[in-house]
Amino acid sequence: MGRDVPARVFTREDRRRYRAKMHTCLDVLAQMLRESTFESERPKVGLEIELNLVDGDGRPAMRNTEVLQAIADPAWSSELGRFNLEINIPPRELTTGGPGAWEQAIRDALNHAEERASAVGAHLIMIGILPTLGETDVDESALSGDPRYRLLNEQIFAARGEDLRITVDGVERLSTYADTITPEAACTSTQYHLQVSPREFADYWNAAQAITGVQIALAANSPYLFGRELWRETRIPLFEQATDTRPVEIKAQGVRPRVWFGERWITSVFDLFEENVRYFPALLPLCDDEDPQRVHDAGGVPELGELTLHNGTIYRWNRPIYAVTDSGPHLRIENRVLPAGPTVADTIANGAFYYGLTRALVDDDRPVWTRMSFSVAEENLHTAARDGIDARLYWPGMGEVPVTELVLRRLLPLAHRGLELAGMDAAWREPLLGIIEQRCVTARNGALWQVETVHHLEKAMASADRWEALRRMTRTYMDYMHLNAAAHTWPVD
């Protein structure tokens, strides 16, 4: 939800008007889909990366306002926590300049930001959950100063009527309560955007949903939260719980959560926006002045502001995006399942695997979503988040198999084919997908390195101080992150 919103109190009239405007927006979207008015001639990809700020000791630095002022670049913005930042990498065609050019552009932007941040006593780290983050670091004082975050916090707790319970049973157990949504700020992710035509949107979304478990297993990078070793990708259960507007009784009635995998394969992008309006009450009922029907009837392009704002408060792992640019309206899928980091090299490799694999699955004569139940795809997601690269996942025609075997035998060749169909030659594909291949061959990723390093440090220290081990591991992680060698090559020492 990157849109700026004012601080205010909402009335019953606000909510009534907002619901009516959303239905109008939905009707206009349906008309636009029938008329095929969307820009899709040269589809683009995009990337957002959320990062944490730390001090010289690797502990959280609540300095995002000062760091943003120092960076002074509109590509950078605040996130929920004062220890978070986000960069929005400019969209591009997948093969423009080659993957090396995209990687270099990202590295240059991050290095520039690190230089500016260090001048005000902070450093950037790409990691799914900051290992040195404690429960006292995520109270109300850690919320970013932007009014939209405080307003969102107020509205979620107004809907809940009680504190958030956060419980994760993993290698160790976490059970705690929170009186703000700030624990959500612990979740820092990488978000891949893929522009698609309305005609192909459903197939690409279904393909993205089918592979979420595989993505998470390969790229898990969040094994620690509040000092405890939990799931390999603890972001998943944390995010699901830290923005939950439902008290226990409402959950028991089967009301859908706002962090949502979904419940079915779709036939149109309209299905997703229609579900948003049908199932979820507005958290931020702010009406625009635009009359979308009048704009559309006059031959203009409506912003559909109410529909898009509402969409930004429903946290699908693959979110539909409607946006308007100078070239017209377009649709894209925002793939939100992966953690940040560990390196830019890993990030680009994860993106290549995602873009290539979805393209190949969409072109398949027997699409995977016609041979796999939706509930199994969701189960794969949670199994992968819990077990990481050691997960066993279900795939049609193979049954339940180790994810590394699934990728090496079946999915990696598909990803190569998909990138080839997208116009990427072997000289570009091999280095990118080679990182994915070696991750599977070695069965190593960022989460495993973090855990093994902390265990090694705890054994080496006579006191077996978990927090000190986490701090030292974080500092070492940052050193390797700056070297930009893929995480499966990192030594444990």
Side-chain angles (χ1 to χ4, degrees), residues 49-61 81 83-84 110 114 117-118 122-138 168 170-174 183 185-190 216 218-236 238 338-347 385-390 439 442-493:
I49 304 173
E50 298 169 349
L51 301 100
N52 287 286
L53 294 172
V54 295
D55 61 19
D57 290 326
R59 297 186 175 94
F83 53 92
N84 299 144
L110 295 179
E114 168 64 21
S118 62
H123 303 277
L124 277 62
I125 177 172
M126 292 194 303
I127 196 165
I129 294 176
L130 181 61
T132 55
L133 193 72
E135 290 187 56
T136 57
D137 296 314
V138 291
V168 186
V171 177
E172 297 168 352
R173 188 171 194 271
L174 172 69
C187 305
T188 41
S189 66
T190 301
I216 290 169
L218 293 181
N221 196 34
S222 313
Y224 290 100
L225 175 63
F226 301 155
R228 294 171 178 84
E229 181 185 342
L230 300 170
W231 289 16
R232 289 303 188 247
E233 190 48 42
T234 307
R235 274 177 54 258
I236 301 301
L238 174 60
L338 292 191
T343 66
V344 175
D346 287 297
T347 300
R386 185 186 64 240
D387 299 336
I389 206 160
D390 294 324
R439 216 183 281 167
T442 61
R444 300 190 61 78
N445 60 12
L448 187 64
W449 180 88
Q450 288 187 52
V451 168
E452 290 185 350
T453 300
V454 168
H455 290 176
H456 173 77
L457 289 168
E458 285 180 321
K459 289 179 182 178
M461 294 187 297
S463 62
D465 184 333
R466 168 65 60 82
W467 285 105
E468 177 60 16
L470 289 170
R471 189 192 68 80
R472 293 187 188 183
M473 180 271 286
T474 300
R475 289 293 308 275
T476 304
Y477 178 106
M478 293 173 67
D479 291 339
Y480 289 137
M481 178 190 75
H482 286 297
L483 291 175
N484 200 37
H488 70 269
T489 67
W490 294 5
V492 175
D493 50 34

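Reckoned from all heavy atoms, side chains included, excluding hydrogens, waters and symmetry mates.
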Visitor: Determine yes or no for a side-chain-to-main-chain donor-acceptor pair under 3.5 angstrom, with Arg228 supplying the side chain and Arg173 the backbone.
Guide: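 At least one qualifying donor-acceptor pair exists.
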Visitor: With sequence neighbours left out, what residues match Arg466 under salt bridge (charged side-chain N to carboxylate O under 4.0 Å, His left out)?
Guide: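 Salt bridge (charged side-chain N to carboxylate O under 4.0 Å, His left out) list for Arg466, sorted by chain: Glu172, Glu458.
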Visitor: Kindly write out the residues that satisfy side-chain hydrogen bond (donor to acceptor under 3.5 Å, both in side chains) with Asp346, not counting sequence neighbours, or none if the list is empty.
Guide: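 side-chain hydrogen bond (donor to acceptor under 3.5 Å, both in side chains) list for Asp346, sorted by chain: Thr343, Arg439.
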Visitor: Please enumerate all residues that pass side chain to side chain contact (heavy atoms under 4.5 Å, CB included) together with Thr453, with sequence neighbours excluded.
Guide: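 Once residues adjacent in sequence are excluded, the partners of Thr453 under the side chain to side chain contact (heavy atoms under 4.5 Å, CB included) criterion are Trp449, Leu457, Met473, Val492.
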Visitor: So which atom in Ala61 and which in Ala122 form the shortest heavy-atom distance, rounded to 0.1 Å?
Guide: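 Minimum heavy-atom contact is CB-CB, 4.4 Å.
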Visitor: Using side-chain heavy atoms (C-beta onward) and a distance below 4.5 Å, is Leu124 in contact with Leu53?
Guide: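 Yes, side chains in contact.
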Visitor: Please list all pairs passing the salt bridge (charged side-chain N to carboxylate O under 4.0 Å, His left out) test where one or both residues lie in residues 442-457, with sequence neighbours left out.
Guide: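 Those involving residues 442-457 are Arg444-Glu452.
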Visitor: For Arg386, what residues pass the salt bridge (charged side-chain N to carboxylate O under 4.0 Å, His left out) criterion, not counting sequence neighbours?
Guide: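 Partners of Arg386 by the salt bridge (charged side-chain N to carboxylate O under 4.0 Å, His left out) criterion come out as none, since no residue qualifies.
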Visitor: Show your working on side-chain contact (heavy atoms from CB on, under 4.5 Å) between Leu51 and Ile125 and close with a plain yes or no.
Guide: CA-CA 6 Å; Leu51 301 100; Ile125 177 172; over 6 Å; no
Visitor: So which heavy atom on Glu50 is nearest to which on Thr188, and how close?
Guide: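 The pair with the smallest heavy-atom distance is OE1-CA, 3.4 Å.
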Visitor: If I take atom CG from residue Leu110 and atom CD1 from residue Ile49, how far apart are they, to the nearest 0.5 angstrom?
Guide: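 These two atoms lie 5.5 Å from each other.
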Visitor: Could I get the full list of side-chain hydrogen bond (donor to acceptor under 3.5 Å, both in side chains) partners for Asp55, not counting sequence neighbours?
Guide: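 By the side-chain hydrogen bond (donor to acceptor under 3.5 Å, both in side chains) rule, Asp55 matches no residue at all.
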Visitor: Does Asn445 reach the side chain of Leu218, with side-chain heavy atoms less than 4.5 Å apart?
Guide: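 No, every pair of side-chain atoms sits at 4.5 Å or beyond.
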Visitor: Mind checking what makes side chain to side chain contact (heavy atoms under 4.5 Å, CB included) contact with His123, not counting sequence neighbours?
Guide: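 Scan of His123 (side chain to side chain contact (heavy atoms under 4.5 Å, CB included), adjacent residues dropped) gives Val54, Glu114, Ser118, Met478.
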Visitor: Which pairs with one or both residues in residues 467-476 pass side-chain hydrogen bond (donor to acceptor under 3.5 Å, both in side chains), sequence neighbours excluded?
Guide: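 Those involving residues 467-476 are Glu468-Arg471, Glu468-Arg472.
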Visitor: Do you know the tightest heavy-atom contact between Pro223 and Ala447?
Guide: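 So the two residues come closest at CG-O, 3.8 Å.
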Visitor: Nearest 0.5 Å, please: how far is CG in Asp387 from CD1 in Ile216?
Guide: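 CG of Asp387 is found 12.0 Å from CD1 of Ile216.
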Visitor: Could you tell me whether the side chain of Ser189 and the main chain of Ala340 form a donor-acceptor pair under 3.5 Å?
Guide: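 No, because the side chain of Ser189 does not come within donor-acceptor range (under 3.5 Å) of the backbone of Ala340.
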Visitor: Could you tell me which non-hydrogen atom of Thr190 sits nearest to which non-hydrogen atom of Gly341, and how far apart they are?
Guide: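 Scanning both residues, the minimum pair turns out to be OG1-N, 4.1 Å.
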Visitor: Between Pro342 and Trp490, which heavy-atom pair has the shortest distance, and what is it?
Guide: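 So the minimum-distance heavy-atom pair works out to CB-CH2, 3.6 Å.
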Visitor: Please tabulate, for side-chain N and O atoms in residues 129-138, each donor-acceptor pair with protein atoms closer than 3.5 Å (sequence neighbours left out).
Guide:
unit_1 : atom_1 : unit_2 : atom_2 : d
Thr132 : OG1    : Gly58  : O      : 2.7
Glu135 : OE1    : Thr176 : OG1    : 2.7
Asp137 : OD2    : Gly134 : N      : 2.8

Visitor: Which residues pass the side-chain hydrogen bond (donor to acceptor under 3.5 Å, both in side chains) test with His455, not counting sequence neighbours?
Guide: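 Testing His455 for side-chain hydrogen bond (donor to acceptor under 3.5 Å, both in side chains), a comparison that skips the adjacent residues, returns Glu229.
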Visitor: Can you tell me which residue among Glu233, Arg232, Gln450 is in a side chain to side chain donor-acceptor pair (under 3.5 Å) with Ser222?
Guide: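 In the set Glu233, Arg232, Gln450, the residue that makes a side chain to side chain donor-acceptor pair (under 3.5 Å) with Ser222 is Glu233.
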Visitor: Taking only residues two or more places apart in sequence or in another chain, which ones pass side chain to side chain contact (heavy atoms under 4.5 Å, CB included) with Thr489?
Guide: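 Counting only residues at least two positions away or on another chain, Thr489 forms a side chain to side chain contact (heavy atoms under 4.5 Å, CB included) with Ala485.
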Visitor: My understanding is that only residues two or more places apart in sequence, or in another chain, count here; which of them pass side-chain hydrogen bond (donor to acceptor under 3.5 Å, both in side chains) with Tyr477?
Guide: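 Scan of Tyr477 (side-chain hydrogen bond (donor to acceptor under 3.5 Å, both in side chains), adjacent residues dropped) gives Asn221.
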Visitor: Please name the pair of heavy atoms, one in Ala186 and one in Leu225, separated by the smallest distance, quoted to 0.1 Å.
Guide: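 Looking at all heavy atoms of both residues, the closest pair is CB-CD1, 4.3 Å.
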